[in-house]
Novice: 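Structure below; questions to follow.
In what follows, every chain begins at residue 1, and chains take the letters A, B, ... in the order their sequences are listed.
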Amino acid sequence: MSDAAVNRLEGDAVGPVWREQFLLPLKRFPIGLYPTFMMGVFFLIPFFIMLVVSFFARTESTYEPGFEFTHYARFFSPLFTTHLLVSVQFSVLASILSVAAAVPFTYFISRFRRRPQVIALVFLLCVLTLSEVIVAYSLSVVMSRSSGLPSFVEWLGLIDRARSWYPGYLANLFGLSFFNIPFAVLILFPSCTRLDRELTEAAQTMGASPVRSFTTIVLPLLDRTIMAALVLLFVFTMGAFVTPTWLGRPEDTMMAQLIANQALNRGNIPFAAALSMFFMAVTIILTLITVRLRRGDPVRRT
Amino acid sequence: MSGLLLSNISKRFGSVTAVTDINLEIPEGRFVSFLGPSGCGKTTLLRLIAGLEHATTGRIMLDNEDLTDRPTHNRNIGMVFQSLALFPHLSVGENITYSQRIRGVDKATRRRRAEELLELVRLPGVADRNIAQLSGGQRQRVAIARALNLEPKLFLLDEPLSALDAKLREDMQVELRMLQERLAITTIVVTHDQREAMTMSDEVVVMSTARIQQMGAPLEIYRNPASAFVAEFIGTSNLIKARLDTGSTVVIAGCPCQTSGVPDQLGAGSSVIVSIRPEDVHVFPESRDGGNQLDGVVTFVRDVGASVETFVDCDGLQIIAMATPKERPDVHKGEKVKVELPAESCVVLKA
């Protein structure tokens, strides 16, 4: 999130910021009205419908207009707080793991010549075209007892008897992280290519091994981008649905699954709406806290 | 031998040969410049010495130790990059003492060392500043201090002064040379500026098209260029087409002239180039005693105050003579004159 956007959310200098960020650009580029209009129709209107519905009363089969907080009160039952924590936990871990894998990889390919770089990125974009369903399903095949890695490990003689690795905590975490990696690479790539090669070379002339120069020069210079990737992937993973359904155990159920369950299986639309509202609020608050913490850092910049 | 020894070094990038057939010996404590036009391979050669590139063939020895396959971080060199490569996330002091941080030296010692080095490069009291707060000249000094921190055996500089304005660059050249003399550290500077090379170095290595063209003391190269390229690149030269006669006599524009000597492999009748510096050429209105005088017509006089250049056309050859204002020849545009090319200043080169 840009600093200006944060300013706006925090309410300082709302007037001028609003003018500069929205009105002036719109005057100059009226075509900007189109996305604004689409956002209004397909995001804000459903959002407000959901907000209103979340206060409605539930009846036997459907719901009727009303204004009650019963649905919001239900969050504090252990079932929902537990699964909120599960969601946060998976999202934090999956974003950290995927970024940890993506940073060295991205830095590495950014040091290549142009051609291999393009090939690597195209390959990565191909992975992105696969839907979450296909990725989760393929991973479940890889982790299945009969045809996947477990039987291979058994064949190697590392374990006595193979058993399926999914559903499971690690299977779910792996699936979520795996799906995030291409996004992490795409976020990190521009900053990595902008890093001046001479900086790490200078570190090496001063006695730093390539690994040392990576940790003392490259990582600190990428810190903001890494943080941005972490926040984005955290938010992204919070909404995961397919992967935990396929690879997770019942106790690994994440919030999106609970919401879908309430809406589709139990027909409790007002409660599902209230859960979504609450879930969104938690995600925004956690993101803002992270952004806030970052801004407090006394990081020197040129 | 103590010092740097490069034997038979070459480096190819794919089908491109960056440097080839480099044999070079730099005794300890010398200040050497690699001088040449851009793309001549001088930076590649410096990077090979630093270990930032790996040589395709050849060996690099420093104080009788083979460095060829040793990674950069174990070579104990100090290097100043063209971009300076100061770390933007570290303060001036932290930049300078990065090499000690890597070796686990404690903070207080590092701090003292940073102050010392800033004193050395005459930039005291800026250890806590950001790199962004420094001027170009100050950053230059920080980069030099950083490279000298561990008292390296080799001090390498890649076009270190190219980002500075002309006045500051001249000052820094003198300062860098005095610093190097004080520390007696073997130093190699890559530059494309012949004046810079001549100001600072004990020895100049002139390079072009991936090869060493000539190496030697600056004045020796200036006086006795080995090829037309060197004569052109180091200072300005009159390069005059001539034909070799017997002995050390050449024929220029139909007039026999004595020269300082002729390369062995050339025989009588072969065409040659005579190189002579403009400041060695004399122009006067009428003929005097002695030989080596050509007839010519003045085509232009450029008087810029500190020096006077007279352009003379001698039977189709343009010869430029340069003189101080005191020695200004009493000639004017369009006049017939005599041009004297003193024999000891005429260097004969292969055509």
Novice: Between B:Leu150, B:Asn149, B:Leu86, B:Ile102, which residue shows the highest count of heavy-atom pairs closer than 4.5 Å to chain A?
Specialist: B:Ile102
Novice: Take atom CZ of A:Phe178 as the centre, draw a 6.0 Å sphere, and report whether it contains more than 12 heavy atoms from other residues, nucleotides or ligands.
Specialist: no
Novice: Out of A:Pro210, A:Ser209, A:Ser213, return the one with the most heavy atom pairs under 4.5 angstrom to chain B.
Specialist: A:Ser209
Novice: Ignoring hydrogens and angles, state whether a donor on the side chain of B:Arg177 or B:Gln180 is under 3.5 Å from an acceptor on the partner side chain.
Specialist: yes
Novice: Report the relative orientation of the aromatic rings in A:Phe183 and A:Phe236; use parallel for angles under 30°, tilted for 30 to 60°, perpendicular for over 60°.
Specialist: tilted
Novice: Is the shortest distance from a Lys or Arg side-chain nitrogen in B:Arg111 or B:Asp128 to a carboxylate oxygen in the other one below 4.0 Å?
Specialist: yes
Novice: Counting only non-hydrogen atoms closer than 4.5 Å, does B:Leu156 touch chain A with its backbone (N, CA, C, O), its side chain (CB onward), both, or neither?
Specialist: neither
Novice: Check whether B:Arg47 gets within reach of chain A through its side chain, its backbone, both or neither, counting any heavy atom under 4.5 Å.
Specialist: side chain
Novice: Could B:Glu65 and B:Arg70 be called an ion pair, given the rule that one side-chain N must be under 4.0 Å from one carboxylate O?
Specialist: yes
Novice: Specify which of B:Arg75, B:Gln133, B:Arg101 makes the most heavy-atom pairs with chain A at under 4.5 Å.
Specialist: B:Arg101
